[in-house]
There are 2 protein chains.
Amino acid sequence: MTPATRDRLVGVAMRLFALKGYGSTSVADILHEAGANSGSLYHFFPTKQDLLLAVLDRYRQGIGPMLLEPAWQGVDDPIERVFALLARYRQHLVNSECTYGCPIGSLALELHEPDPPVRELLAANFDGWVAAVERCLDDARDRLPADIDRHELAVFVLTTMEGGVMQARTHRSLDTFDASVNRLRDYFRRLQQAKDR
Amino acid sequence: MTPATRDRLVGVAMRLFALKGYGSTSVADILHEAGANSGSLYHFFPTKQDLLLAVLDRYRQGIGPMLLEPAWQGVDDPIERVFALLARYRQHLVNSECTYGCPIGSLALELHEPDPPVRELLAANFDGWVAAVERCLDDARDRLPADIDRHELAVFVLTTMEGGVMQARTHRSLDTFDASVNRLRDYFRRLQQAKDR
DNA sequence: GTCTATATACGGATAGAC
DNA sequence: GTCTATCCGTATATAGAC
């Protein structure tokens with residue numbers, strides 16, 4: 001069965017906001033691609049921004065099933081899971097010729113003064129991502145220095161992904177993304193070596 | 001003498017694009033704040049995008065005099081210069097209550113499929129920034145492992161800044177920026193320790 | 001180079017029948 | 001819940017006098 005109209009609208013909006021940005025996606029674009037009419041959309045969502053909130057909520061709920069589970073298929077080592085997650089973003093860049101990166105990061109910088117509910121959902125998406133990485137680091141705590149701040153380190157992994165994706169899109173090249181992940185990998189190696197002693 | 005109209009338009013556009021974004025800044029906003037009329041702007045710039053190109057070019061030319069020189073006042077140590085540069089972005093966040101970060105990064109993610117000249121000027125801005133950091137690292141080469149890729153490391157510094165700024169703006173808090181810079185500092189410490197042995 | 005007035009398109013959102 | 005038709009503001013850009 002084809003998804004109900006509301007879900008279809010959210011799905012199309014998710015796709016188009018990621019592809020073209022929030023401001024550059026018109027309500028008419030969404031209606032056209034979803035095969036719906038203005039009246040339907042405004043029946044479910046009072047404003048375009050409410051549709052954005054639904055999109056951000058779907059991203060947040062999808063962190064586990066849509067992002068982590070596929071990325072971690074067949075990867076059990078917690079530190080390798082961190083880098084498998086980064087590899088997934090790399091694959092998105094490859095598939096899109098370096099035009100598609102992290103939709104949350106793009107929206108976070110596109111919307112300069114977002115209304116509080118929007119900003120909070122963006123932050124909640126980052127928090128969920130960082131928390132998942134932090135659980136990996138906790139699982140690997142025996143291989144890291146005891147005094148390392150694992151929350152800071154998890155934030156730093158997200159920083160590396162977002163900063164690397166931004167530069168890759170701008171240069172239309174994977175080089176800067178790979179350089180960033182290489183340096184993060186080197187940092188992890190040195191942390192693990194410090195533990196060995 | 002008050003700046004010539006053209007320069008004033010570029011200056012106002014630079015400010016408003018950084019504050020509100022490119023798409024959310026109307027030509028009328030710029031004209032109003034610059035005290036100019038439509039005819040003047042379109043006399044100098046055929047389209048709004050040409051004005052953006054002038055803004056990006058001014059950023060690029062300003063990397064030395066407007067960014068590096070102020071950040072490096074009284075700082076001679078090349079590695080401290082890297083962190084002084086990051087501290088300058090932190091200060092921008094403080095001054096703006098975490099709303100103003102890096103205008104180049106914001107534009108890079110706001111414009112999803114920029115016309116080639118725009119994308120190239122964004123990339124040139126990143127290149128100039130990275131090259132400056134790389135020169136610092138070259139100046140400190142004796143304190144870093146001989147086999148470290150200093151270009152990758154310079155890219156990683158920009159990655160840290162951009163990723164940290166993005167999260168700080170989203171959380172309206174310096175914590176994630178500070179966490180990222182702390183981890184980068186720890187990485188540098190470990191690189192220098194590796195050299196000592 | 002600068003001014004005013006305006007063309008023209010498209011945006012989000014609404015009205016009201018079905 | 002869905003449809004068509006449309007309101008109305010604002011956007012970029014232009015025309016042509018001065």
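Each chain gets a letter, A, B and so on, in the order the sequences are listed, and its residues count up from 1. Keep in mind the model is a prediction, meaning the values are calculated, not measured.
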| task | Would you mind reading off the distance between A/Phe44 atom CZ and C/dA13 atom P, rounded to a whole angstrom? | result | 17 Å
| task | For DNA chain C, determine which residues of residues 19-39 of chain A have any heavy atom closer than 4.0 angstrom to one of its atoms, and list them numerically. | result | A/Thr25, A/Ser26, A/Val27, A/Ser38
| task | Flag this pair as yes if the NZ/CZ of A/Arg183 is under 6.0 angstrom from the six-membered ring centre of B/Tyr187 and inside a 45 degree cone about the axis; otherwise no. | result | no
| query | Side chains of B/Val75 and B/Glu80: does their closest heavy-atom pair fall under 4.5 Å? | reply | yes
| task | Would you please confirm or rule out a distance under 4.0 Å between OP1 or OP2 of D/dT14 and any side-chain N or O of B/Tyr42? | result | no
| query | Centre of B/Tyr22's six-membered ring, under 6.0 Å away, within 45 degrees of the axis: is that where NZ or CZ of B/Lys48 sits? | reply | yes
| message | Check A/Asp77 with A/Arg143, please: is the shortest side-chain N to carboxylate O separation under 4.0 Å? | response | yes
Could you give the side-chain donor-acceptor pairs of residues 98-106 of chain B under 3.5 Å, partners two or more places apart or in another chain?
| unit_1 | atom_1 | unit_2 | atom_2 | d |
| --- | --- | --- | --- | --- |
| B/Thr99 | OG1 | B/Ser96 | O | 2.8 |
| B/Ser106 | OG | B/Cys102 | O | 3.3 |
| B/Ser106 | OG | B/Arg169 | NH1 | 2.9 |

| request: Measure from CG on B/Leu41 to P on C/dC3 and round the result to the nearest Å. | output: 12 Å
| message | Side chain of A/His43, heavy atoms from C-beta onward: which of D/dA13, D/dT2, C/dA13 has the nearest atom to it? | response | D/dT2
| Nearest-angstrom distance from the residue atom NZ of B/Lys48 to C1' of D/dT10 | 12 Å
| query | Within this structure, what is the CG-to-C1' distance between A/Leu16 and C/dG12, rounded to whole angstrom? | reply | 16 Å
| said: Using whole Å, what does the distance between atom P of nucleotide C/dT14 and atom CG of A/Asp50 come to? | reply: 11 Å
| Any pair counted as side chain to side chain donor-acceptor pair (under 3.5 Å), so long as it reaches residues 156-166 of chain A, sequence neighbours left out | A/Thr159-B/Gln167, A/Thr159-B/Ser180
